[in-house]
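These notes concern the structure reproduced below.
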Number of protein chains: 2
Amino acid sequence: MSDNTKAAASATAAESDTKSRIIGVAERMIATKGAEQVSIRDITREAGVNLAAINYHFGSKERLFAEALARSITAINTTRMAMLDKAEAKAGGRSPSVEALLEAFILPLLHTDENECNRYAHTAKMLSRFFLNPDEEIMHMLRPHFMPLKERLLRLFSAALPEVGKTDVEWRLGQVFAIMHHHMLFADLRCKDLGKKLNVKKELRRLVAFCSAGMRATPDGEAH
Amino acid sequence: MSDNTKAAASATAAESDTKSRIIGVAERMIATKGAEQVSIRDITREAGVNLAAINYHFGSKERLFAEALARSITAINTTRMAMLDKAEAKAGGRSPSVEALLEAFILPLLHTDENECNRYAHTAKMLSRFFLNPDEEIMHMLRPHFMPLKERLLRLFSAALPEVGKTDVEWRLGQVFAIMHHHMLFADLRCKDLGKKLNVKKELRRLVAFCSAGMRATPDGEAH
DNA sequence: CACTCATTCAAACGTATGTTTGAAACGGAC
DNA sequence: GTCCGTTTCAAACATACGTTTGAATGAGTG
């Protein structure tokens, strides 16, 4: 069995060739076929490695999938953090606008791939998969990839919305998350089924308009 | 194989005993374990019927699930329609407010069961399941259960929001749907994992506040 | 009773799955 | 060259699954 941490040895090579090839193929295949439809046989065949490699390197299929998901999330959240950096710099000492914050949260999710389909649609699908079938171990393993961004967003939105209570801000941020989760699930459907190209700019404008209004809503409804 | 429609015979007994017992058990089991985790062996064992009964009565597992989902959706949408009737009656000749329309859309989804958990959480899970794994035949079979309500909501929201274009109204209604879908997925999690009771009134107030602001948003952002 | 249809049943089918095993191949250390 | 831990490999394992089959049952009809 050996430790999860590879033996000291040549630590420079970030990962064994097989291990990184497996996780790369897993990400791509999950992207195109959906997590439920990918077997470890599919992955190992495509990656040109032995069937047993996945259990050897990751322990189980489930943990491989969790690592693939964590990788996507990290990529997305790194972009978001960078956009928040820019927004904060641009705002000088003041807090960035709700719209700027929303853009930092939303835009990275709209990136398109070479087919002009949503690049992270598979990430949304994997998330759905874990939401539907919650596994405490995996949730725990994923949490650190979400927390820093969430804390920062909470702080920034609270600053931009001083009239909204902190718990409300958190709750409303949850709705933005919901919208984006759903959005990506369906961006995938729309793209694959209809061959429609996605109009990122228009989507972004609509999403920011809807969400910023929601974030700013007066607590007791009746805005007009 | 015989037709799907049972032979004429005693049409008074709405469904054969086995058939209705199967669909009832299926609904309940999907509710508690999640659609992915329920096998036809689980269902038939629990219902006390033969393993082959599902394929005999429904043709396949997938079609049984679709029927169970359609049943839930019909129940929900009937309530929504009734609430819309009331809202329209109350508004007299004028169009009901955005808030009243949202309540009709949202409240039926918040009904709790005897454990004060969300009663339709399983419906959301089943929906998620079909979204993740779209099957044209099943989607087609589900459509009629959604369309009448959707058309009516579109018409009413457009009347209540004359300054928002029809395609925008439709798009925004989609976001409300997204929020509710996600909301129910997580209401289930919260309820089961934490044993927390759900505060329907508070949830409704928050949801309506967020969504009504979003529905009313000025198209080009920057509300203040 | 005899006929017929829908329904139920136990059993088997065929297959796809994630995982384990035990031996072989590799590669650096001494 | 030999040892030793790591990695790869082909093969088997152990089920779990949805579905099919063909005979048995049962009720309604003539």
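Here is the naming used below: chain letters follow the sequence lines, and residue numbers restart at 1 for every chain.
In this structure, A/Tyr56 places its OH atom 17 Å from C1' of D/dA10, rounding to the nearest Å. We find that CG of A/Asp17 is positioned 17 Å from C1' of C/dA25, with the value rounded to whole Å. Straight-line distance from the NZ atom of A/Lys19 to the P atom of D/dT6: 14 Å, rounded to whole Å. Here D/dG18 presents its P atom at 13 Å from CD1 of B/Ile22, a figure rounded to the nearest Å.
The only member of A/Glu27, A/Met126, A/Met141 that meets side-chain contact (heavy atoms from CB on, under 4.5 Å) when paired with A/Leu69 is A/Met126. Screening B/Leu154, B/Leu84, B/Ile76 for a side-chain contact (heavy atoms from CB on, under 4.5 Å) involving B/Leu149 leaves a single residue, B/Leu84.
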Dump the pairs, protein N or O against N or O of nucleotides 11-18 of chain C, anything under 3.5 Å, distances to one decimal.
from, atom 1, to, atom 2, distance (Å)
C/dG18, OP1, A/Lys61, NZ, 2.3
C/dG18, OP2, A/Ile40, N, 3.2
C/dG18, N7, A/Arg41, NH1, 2.8
C/dG18, O6, A/Arg41, NH2, 2.9

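To the nearest 0.5 Å, atom CZ of residue A/Phe65 and atom CZ of residue A/Phe58 are 11.0 Å apart.
Not a single donor-acceptor pair under 3.5 Å links the side chain of B/Glu170 to the backbone N or O of B/Lys166. When atom types are taken as modelled, the side chain of B/Asn55 and the backbone of B/Ala52 share no donor-acceptor pair closer than 3.5 angstrom.
Here B/His57 reaches the OP1 or OP2 of C/dT8: one of its side-chain N or O atoms lies under 4.0 Å away. Taking only side-chain nitrogens and oxygens, A/Thr18 comes nearer than 4.0 Å to OP1 or OP2 of D/dT8.
Residues A/Glu203 and A/Ile106 fail the side-chain proximity criterion, which asks for heavy atoms closer than 4.5 Å.
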